[in-house]
Amino acid sequence: MVLMLGACSGGEDESASAGEGNEGEKKVEFMHLWPEGNSAQHHRVVEEIISDFEAENEGVSVDVEVLSNEQYKDKVKVLSSSDELPDVGMTWAAGYLEPYVSGEKFAPLDDMLDDGLREQFVEGTTEGYEIDGQTYGLPLELNTANVYYNKAIFDEYGLEPPETLEEFNSVVDTLNENGVPPVALGNGDSWTGSMWYMYLADRLGGSQLLTEAIESGDFNKPELIQAAEEVQNLVDNDTFMQGANGLSDQEAKSSFMNEQAAMYLIATWDLPNYTTNEDVPQEFRDSVGYFKFPTVDGEGDMDSYVGGPGVGMFVAENSDVKEEAKAFTKFFVEEWGERAVTDVGIIPATKIDPESLDLPQMYVDVLNDLNSASNITLYADVQMSADAADVHLNQIQALFGGEVTPEEFTEAHTEVLEGE
């Protein structure tokens, strides 16, 4: 369902030019993807920010159109092809962003960042929205992946959060010996398994290895091959729940939350389920802890994360109210930070002081981790073109399923990337 929420009062003069409301009032068209029905908290915060912006900017109003995620993506494509994009809308980083930038549909926003806004973002977040040295979107969310674990299960078998892959494998062995599935994984969705591969590559070859391989088109690096070998070692050691390669992430998540598996690698978009989501039993939330992905063979920086910015905001290049659109975008980004944490339960892309907010301890710990992060490597499939991402995800499936060798896995990546 599409919801049209006109923020202007009274009827609009049909003869008014684009971007103008009644009696010369400037109107900013804003399209987002948080319907009230299934994203009530997001929706409410957006409405509050819009109301505050209008109150502080007399003569400027915001007209809102709200669609669900997939409907939103489809409509943006249609509007882009006819040069009818809203003045401000939602976008994603890297591969999603590229065709809109190459088609000159999104405006560069570096002037806003250089005017003091850049320092408000967590290190490494705006870079995901850069193409050829210019920034075309401002991120609202930031996701990093950690291994969440059931503290009650760990305590029952005398286990400690591992810091090395050797310790991790020992935890897995103990859990298997006691009939407890070690890791919930739904690799039917492939991107879930990709995070395991990415972390192993990061720990073995450093934080820039994977991104440089994608950019250069050359995956034939010893560390990338070894990372693929380590994935298959984990599979052979019964690390993942039975049938993981055919399960969805939702099924894996359910297994972890129903205490049918001891660990679950996922990004911080799931953090509310372990902290603030009152629909989840408090007893379970109290039983969840997390640890950073371990080092491998003594290598790796545990403050280097797999993750990246989530949804962000764009300003249309052909907007008739570009100055007002940029002002609204800047206002929105700055207001979103603390409200995203306290009212929505997600991690914002802008820096906040966790000690100043009344938050569960796990939330505070994750936010403090972000403030000291040395690197955040953007999800591999997001970094790639659509065609290369398809190959990557298919190869992840094949790697976990034992259908390709590590060498075949890396060669398939090189082949598709070199072809581009």
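- A salt bridge links Glu65 to Lys75: one of the charged nitrogens lies within less than 4.0 Å of a carboxylate oxygen.
- Taking 4.0 Å as the cut-off between side-chain N and carboxylate O, Asp115 and Lys330 do not count as a salt-bridged pair.
- Here ring pair (Phe, Tyr, Trp, His ring centres under 6.0 Å) pairs that include residues 227-254, with residues two or more places apart or in two chains, are Trp196-Phe240, Phe240-Phe400.
- The environment of Glu420 atom CD is dense: over 12 non-hydrogen atoms of other residues, nucleotides or ligands sit within 6.0 angstrom.
- Salt bridge present: Lys322 and Glu317 bring a charged side-chain N and a carboxylate O closer than 4.0 Å.
- Within a 6.0 Å radius of CD in Glu127, other residues, nucleotides and ligands contribute more than 12 heavy atoms.
- The neighbour count for Gln242 CD, taken as heavy atoms of other residues, nucleotides or ligands under 6.0 Å away, does not exceed 12.
- Annotation: salt bridge (charged side-chain N to carboxylate O under 4.0 Å, His left out) contacts of Glu229 (sequence neighbours excluded): none.
- Taking OG1 from Thr377 and CE from Met195, the interatomic distance works out to 13.5 Å, rounded to the nearest 0.5 Å.
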Point to revise | Audit row: His43, His32, side-chain contact (heavy atoms from CB on, under 4.5 Å) steps and yes/no | key: CA-CA 9 Å; His43 185 92; His32 72 80; 4.1 Å; yes
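- A donor-acceptor pair under 3.5 Å is absent between the side-chain atoms of Tyr129 and the main chain of Pro309, judged by distance alone.
- The aromatic rings of Trp336 and Phe332 lie parallel to each other, their planes meeting at an angle below 30°, with 60° marking the opposite boundary.
- With Thr268 contributing its side chain and Thr144 its backbone, the two residues share a donor-acceptor pair below 3.5 Å.
- Legend: residues meeting side-chain hydrogen bond (donor to acceptor under 3.5 Å, both in side chains) with Tyr290, ordered by chain and number and at least two apart, are Asp369.
- More than 12 heavy atoms of other residues, nucleotides or ligands sit less than 6.0 Å from atom CD of Glu334.
- Tyr379 and Trp269 have tilted rings, their planes meeting at an angle from 30° to 60° on a 0 to 90° scale.
- The minimum heavy-atom distance linking Gly337 with Ile352 is given by the pair C-CG2, 4.0 Å.
- Aromatic ring centres of Phe314 and Tyr100 lie farther apart than the 6.0 Å criterion allows.
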Practice item. Give the intermediate values and the outcome of side-chain contact (heavy atoms from CB on, under 4.5 Å) for residues His42 and Leu33. Key: CA-CA 9 Å; His42 291 74; Leu33 41 69; over 6 Å; no
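- There is no side-chain donor-acceptor pair under 3.5 Å between Asn57 and Glu324.
- Across Ser207 and Asn375, no two heavy atoms sit closer than the pair CB-ND2, 3.3 Å.
- Applying the salt bridge (charged side-chain N to carboxylate O under 4.0 Å, His left out) rule to Arg339 yields the partners Glu48, Asp52, Glu335; only residues at least two apart in sequence or on another chain are considered.
- Here Tyr136 pairs with nothing under the ring-ring contact (aromatic ring centres under 6.0 Å, His included) rule; sequence neighbours left out.
- Within a 6.0 Å radius of CD in Glu403, other residues, nucleotides and ligands contribute more than 12 heavy atoms.
- Heavy-atom contacts from other residues, nucleotides or ligands closer than 6.0 Å to CD of Glu166 number 12 or fewer.
- Residues Asp297 and Gln226 form a side-chain contact, since some pair of their non-hydrogen atoms from C-beta on lies under 4.5 Å apart.
- For Phe219, the ring-ring contact (aromatic ring centres under 6.0 Å, His included) criterion is met by His413, not counting sequence neighbours.
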Practice item. Assess whether side-chain contact (heavy atoms from CB on, under 4.5 Å) is satisfied between Asp189 and Gln250, documenting all intermediate values. Key: CA-CA 9 Å; Asp189 291 332; Gln250 186 60 49; over 6 Å; no
Exercise for review: Please step through side-chain contact (heavy atoms from CB on, under 4.5 Å) for the pair Leu393 and Gln397, ending with a clear verdict.
Suggested key: CA-CA 6 Å; Leu393 296 175; Gln397 270 273 302; over 6 Å; no
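- Within a 6.0 Å sphere centred on CG of Asp353, heavy atoms belonging to other residues, nucleotides or ligands number more than 12.
- Across every non-hydrogen atom of Met198 and Val306, the tightest pair is CB-CG2, 3.7 Å.
- Partner Leu234 forms a side chain to side chain contact (heavy atoms under 4.5 Å, CB included) with one of Leu185, Val183, Leu200 and no other, that one being Leu200.
- Applying the side-chain hydrogen bond (donor to acceptor under 3.5 Å, both in side chains) rule to Glu223 yields no partners; only residues at least two apart in sequence or on another chain are considered.
- Residue Val180 comes nearest to Ala262 through the heavy atom pair CG1-CB, 4.3 Å, listed as atom of the first residue, atom of the second, then distance.
- Between the CE atom in Met313 and the CG atom in Leu109 there is a gap of 10.0 Å [rounded to 0.5 Å].
- Not counting sequence neighbours, the partners of Asp83 by the salt bridge (charged side-chain N to carboxylate O under 4.0 Å, His left out) test are Lys105.
- Each of Val28, Val88, Asp87 was scored for a side chain to side chain contact (heavy atoms under 4.5 Å, CB included) with Thr329, with one residue passing: Val88.
- Applying the salt bridge (charged side-chain N to carboxylate O under 4.0 Å, His left out) criterion to Asp236, with sequence neighbours excluded, gives no partner residue.
- Here Asp365 pairs with Gln361 under the side-chain hydrogen bond (donor to acceptor under 3.5 Å, both in side chains) rule; sequence neighbours left out.
- Contact between Pro86 and Ala316 at its shortest, heavy atoms only, is O-CB, 3.3 Å.
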Check your understanding: Please walk me through it: do Glu156 and Asn178 pass side-chain hydrogen bond (donor to acceptor under 3.5 Å, both in side chains)?
Key -> CA-CA 10 Å; Glu156 184 175 355; Asn178 289 278; over 6 Å; no
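- Ring geometry for Phe291 versus Tyr149: interplanar angle of 30 to 60°, hence tilted.
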Check your understanding: Would Tyr148 and Tyr274 satisfy ring-ring contact (aromatic ring centres under 6.0 Å, His included), going step by step from the backbone distance to the final call?
Key -> CA-CA 9 Å; Tyr148 294 89; Tyr274 317 131; 4.9 Å; yes
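- Counted by atom type alone, Asp303 and Ser374 present zero donor-acceptor pairs between their side chains at under 3.5 Å.
- Taking every heavy atom of both residues into account, Ala267 and Asn143 meet most closely at CB-CB, 3.9 Å.
- Every residue was checked against the side-chain hydrogen bond (donor to acceptor under 3.5 Å, both in side chains) condition with Asp387, not counting sequence neighbours, and none meets it.
- Within the structure, the side-chain hydrogen bond (donor to acceptor under 3.5 Å, both in side chains) test picks out the following pairs touching residues 257-266 (sequence neighbours left out): Asn150-Glu259, Asp249-Tyr264.
- Atom CD of Gln282 has more than 12 heavy atoms from other residues, nucleotides or ligands within 6.0 Å.
- Looking at Ile396, Leu247, Leu399 one by one, the single match for side chain to side chain contact (heavy atoms under 4.5 Å, CB included) with Asn187 turns out to be Ile396.
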